[in-house]
Structures are given as C-alpha cells and as structure tokens.
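Here the structure is laid out as structure tokens; the discussion comes afterwards.
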Protein chains: 2
Amino acid sequence: MSEFPDGDGTRVETLERPALAAAREAIADGIARGALVTVFGRCTVDYEGRASSRLEAGDRHVMLKPDGAALVHTDEGQQPVNWQPPGCEHDVYRDEADDRLVIESVRSTPDERLRVSFGTVLQVSAFSGTDENDLALVGTEEDLRERILTEPDLLEPGFTPLATERETPAGAVDIYGKDSAERTVVVELKRRRVGPDAVSQLRRYVDALERDLHADATVRGILVAPSVTDRADRLLVEHGLEFVSLEPPAE
Amino acid sequence: MSEFPDGDGTRVETLERPALAAAREAIADGIARGALVTVFGRCTVDYEGRASSRLEAGDRHVMLKPDGAALVHTDEGQQPVNWQPPGCEHDVYRDEADDRLVIESVRSTPDERLRVSFGTVLQVSAFSGTDENDLALVGTEEDLRERILTEPDLLEPGFTPLATERETPAGAVDIYGKDSAERTVVVELKRRRVGPDAVSQLRRYVDALERDLHADATVRGILVAPSVTDRADRLLVEHGLEFVSLEPPAE
DNA sequence: CGCTGCATCTCGTTA
DNA sequence: TAACGAGGTGCAGCG
C-alpha cells in the first residue's frame, strides 16, 4: 500500500492485487474516511429494487462515492452497467464460505440493493481531495429564456412578457405574456430540436389557460426551439400552435 | 509502475504521483492498448459542443474508455460532472508552456470537445480485462407487455391483442387490439407511475388511429401502469381515456 | 416525500 | 443519419 498525503490533505491509497481480506479492509477504511473508493476486478453484480438484474462474472470498475452513490462500469458505454443513487449505505464484507469479497449498497424509498461480488480484486484505490467549484454551464433552456426576456422582439415584434413559471392547472408555463393585440401568449421553450412531446406539453398549457381564463379569450401557444421534427410540425398545425426558431446563446 | 498480466490477459498498470511526462506516456499507452484508463488529480474541465461549460480547479476522477467515452467524476452525485459519449477520439499531450497535462476527447456529429487540464496527477491506472456477459434485466416495459399478451384478461375480460408496435401516423402503439364488443383498443404501457406526458402520448395515438380508421369507429385508449398522478388522472378523464393498474413482473 | 419538467440526458431500434 | 420512445433514467425546484 502506498499513501500520499500532501499539504492540501489530498491523499491516494492504492492496493494492487490484494488478498480479499486486505481489499476488504482498504475499502472499509476508505468508506469510513469519506474517500472516493474504486475497485477493479472480476465480479458478478446483482440488483434488486425498482427492477431486478443479474450480471455474470466479468472484469469491471466499481466506484463508491462518499455520498452513497455506487457505479459499476464495464469498458463500454457512457452509462454504468449497474449503479446505486446517492444516499445509499455502502457495506463491504467477506463471504468466507465462498471465498469472495462482497460490496453492498442499500437504500430505502425505494428499497433497493446492489450487490457486487468479487472473486478476484486487481486494484483498490481510495482518493481524498478537495473540490470547491461548481460547473458553469451555458446553453440551457434558462439561458434561452433570458435571451427572450432581454429582447422580447426576438419572439415577435410587440411581444410583452408578463411572467415566467406562471402556474396553470396543467403546470407552470415557461413564459406567459401578451402580444401586440393584447392576446394572451403561452411560450414553451426547448434548448434543442423537439418532437411531438413538446407540442403536447404546450397544448396542455394552452388548454388549461383557456379553461382558466374562461372560454372567450383566445390563447396563443408558441413553441420556441432551434427546430422541430416533421411529426411535431404537423401536430403544431393540428393544434393551432405556432413555432419560432431560436437557439440558446452559444456562450 | 507495476504490471500485472495473468493467464486471462487481465492487466493493471498503476502510476502513483507521476511527473506529467510519465503520466502522459502511461495514459497514451493505455489508450493505444485499448485499456480502460483512469486519472485522478487536480484539474480544470472545459466543454464545448451542444452547450459549453467550464469547471475551475478541483480534484477529480477521470475515466477514459476504449470505446471513446470519457467521464469526469467529482466525489458527489451519480452523474459525471462532465463527460463525452462513446465514439470520441482521446488525445493526451503536455502543455509545456504552462506545465500542464491535457486530455482531450473530441467527436463530430455533433462537434463536441472535452478538455481536462491537470496541474497535478496523483494516480494513473490502465485496466485490461474481459467481460463477455450482458446484463439480464427484469421488470421492463417489455416484461409488462409479455405479461398482458400471455394473459389478455389482465387488461379486461374479453380483450384480444392483435398487434404490438402497430404503426400510426403518430408513432407505434404498444398494443393494438379489440375489446369484447369489437371496438378498437389502443394500449400504452408504462413500467412505473406516470404523469401527464404519458396521457398525452396515448392521446396522440388515439387521435391518429381515429383519423386513420375514419371517424365512424370509436377508439378506446387504455393507459396501463402501476399508478398515475392526480394531474394525469384528470387529464385521462378530460380526454376520455382509461386506466388499468398493472405492474411489470417482479422477477 | 411526491410531482413536474429539464438534460451536453443516454441508449436501442427502426425507417 | 435522424427520429422516436424507454429508462432501475438522474436531478433541481417547489409544494
């Protein structure tokens, strides 16, 4: 085992090809210390909870986070083949009868259990460090909204935004406003090209508002997105809804 | 550096607190060999593509997969703070002017670039192994469909399934069939509790089929799920759709 | 805790 | 390649 404390408290401990007993101890220590623990080795994986799954033996990379998240990665795919969300309790123990090392991550609400059983452990690492910074992301739906609120004419000349997240019986509307003829306008924003689901969503808001404001008032529904699919376009026409092409700011 | 070949070709190589030049070489070797490479250290992360983001310096865990995927994990959350999907080209080089080690993962369609810049590398590992097995998952929507096709009376007495994935102008219907009175039935399946979106989806299919089969035929729309939210329930009533409570098989 | 909707959603399938 | 929908979606915000 190697240990690397430095002035910042950053620390990495690594075991290579440990015996299962030593691996268990290193993993338990890392979890107790609040470290991010990784284990690479040959394992089976069982999950039971919202669904249930089994994965037969193979070499995989397991990550245990101090917030209770667990990730099992194979050498393919962006997504873990199995996982457990934050909030779990990690447990590690030896199954001496079968000579295996078992990591269990369990949570409730919903009841879920992930069990990773190693026959061979090739590496255990425990990482401690500091990360004070949050991600700064540009190009979200919220950025698109800001763009329109700053320059409402981008939607159409004479548009006046009155509220964001305005509540309706069908949910909160992205932008609520009036056009130059004082007609009520409901705007649904999407940061990328949209399909039929976004049109239906807008439709639900328009329906709810027409009901809310009594039947006499016409409510215009405008979908704002970079583009729409063919089916979404036809659906817009069917429902008497409109489309304005706008993208979130690039930076 | 330690190297651990075994009979199966399983291999783990680890560098601890390497100089940036040595880290670069180990990472490049691992990528070239088709290994799963991990790097832990203090880094900044920049992304540009479908959106753009910046993450200031912090200690993070980076995983580079042989299929081109890249993942940057902090010590919190199930999701990576930054990532790149499979299909990327990984590149690693030293920025000698600034004495940093840079990992770039780039792809096209869409054009996207992830750049991780390390000032300090605490560990580099390269993992090779074998994983022949696929995940066996039970409790999916498809399992729920099988359950109904095997025992159609679960939906309602006298129901006769005629097709799955039947195409309509609005998309493919999960189950298409007839009830005991020979009326057309459209069934939309969801493996878990559903909200308004699932109701709208069913509505689109029913509308499309009524149009397709001409206006004279009544089309029943049935949503099958473990349960629905209040809003979804009201929306079902509004649209004259029905609900049947069924869960996918537990195992 | 549940509901709602966003996401650089990812991923598989199909036209 | 694009579109459509499932997902053990995760996640934040709000009630």
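We name chains A, B, ... by the order of the sequence lines, and we start the count at 1 in each one.
Between D46(B) and the options R54(B), R115(B), R113(B), a side chain to side chain donor-acceptor pair (under 3.5 Å) holds for only R54(B). Each of R42(A), R100(A), E104(A) was compared with S117(A) under the side chain to side chain donor-acceptor pair (under 3.5 Å) criterion, and only R100(A) meets it.
Between Y205(A) atom OH and Y176(A) atom OH the span is 15.5 Å, to the nearest 0.5 Å.
Boundaries of the chain A contact region on DNA chain D are dA3(D) to dC11(D), first to last in 5' to 3' order (nucleotide atom under 4.0 Å from a heavy atom).
In this structure, R203(A) pairs ionically with D207(A), as a charged nitrogen and a carboxylate oxygen lie closer than 4.0 Å.
The gap from the C1' atom of dT14(C) to that of dG8(D) amounts to 25 Å, rounded to the nearest Å. Here, dT8(C) and dT4(C) have their P atoms 23 Å apart, quoted to the whole Å.
Put simply, CD on E165(A) is 14 Å from C1' on dC3(C), counting in whole angstrom units. Atom CG of D197(A) is separated from atom P of dG5(C) by 12 Å (rounded to the nearest Å). If you take CG of D174(B) and C1' of dT13(C), they are 14 Å apart, rounded to a whole angstrom.
Donor-acceptor pairing under 3.5 Å is recorded for the side chains of H73(A) and K65(B). Under the 3.5 Å distance criterion, with hydrogens and angles disregarded, no donor-acceptor pair is assigned to the side chains of D197(B) and S200(B). Side chains of Q84(A) and Y47(A): a donor-acceptor N/O pair is absent below 3.5 angstrom, by distance only.
At dC6(C), none of the side-chain N or O atoms of R192(A) fall inside 4.0 Å of OP1 or OP2 (strictly under the cut-off). The side chain of R50(B) contributes no N or O atom lying less than 4.0 Å from OP1 or OP2 of dA7(C).
Two residues, D230(A) and R191(B), neighbour DNA chain D, and the one matched to the more 5' nucleotide by heavy-atom proximity is D230(A). Place A51(A) and A232(A) on DNA chain D by their nearest nucleotides, and A232(A) ends up nearer the 5' end.
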Start with the C-alpha gap between F127(B) and T38(A), add the side-chain angles, then the distance that decides, and say whether side chain to side chain contact (heavy atoms under 4.5 Å, CB included) holds. CA-CA 12 Å; F127(B) 304 96; T38(A) 65; 5.7 Å; no
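Here the side chain of T109(A) is nearest to one of dT8(C), dG2(C), dC3(C), namely dG2(C).
Non-hydrogen atoms lying under 4.0 Å from DNA chain C are contributed by G77(A), Q78(A), Q79(A), all within residues 72-79 of chain A.
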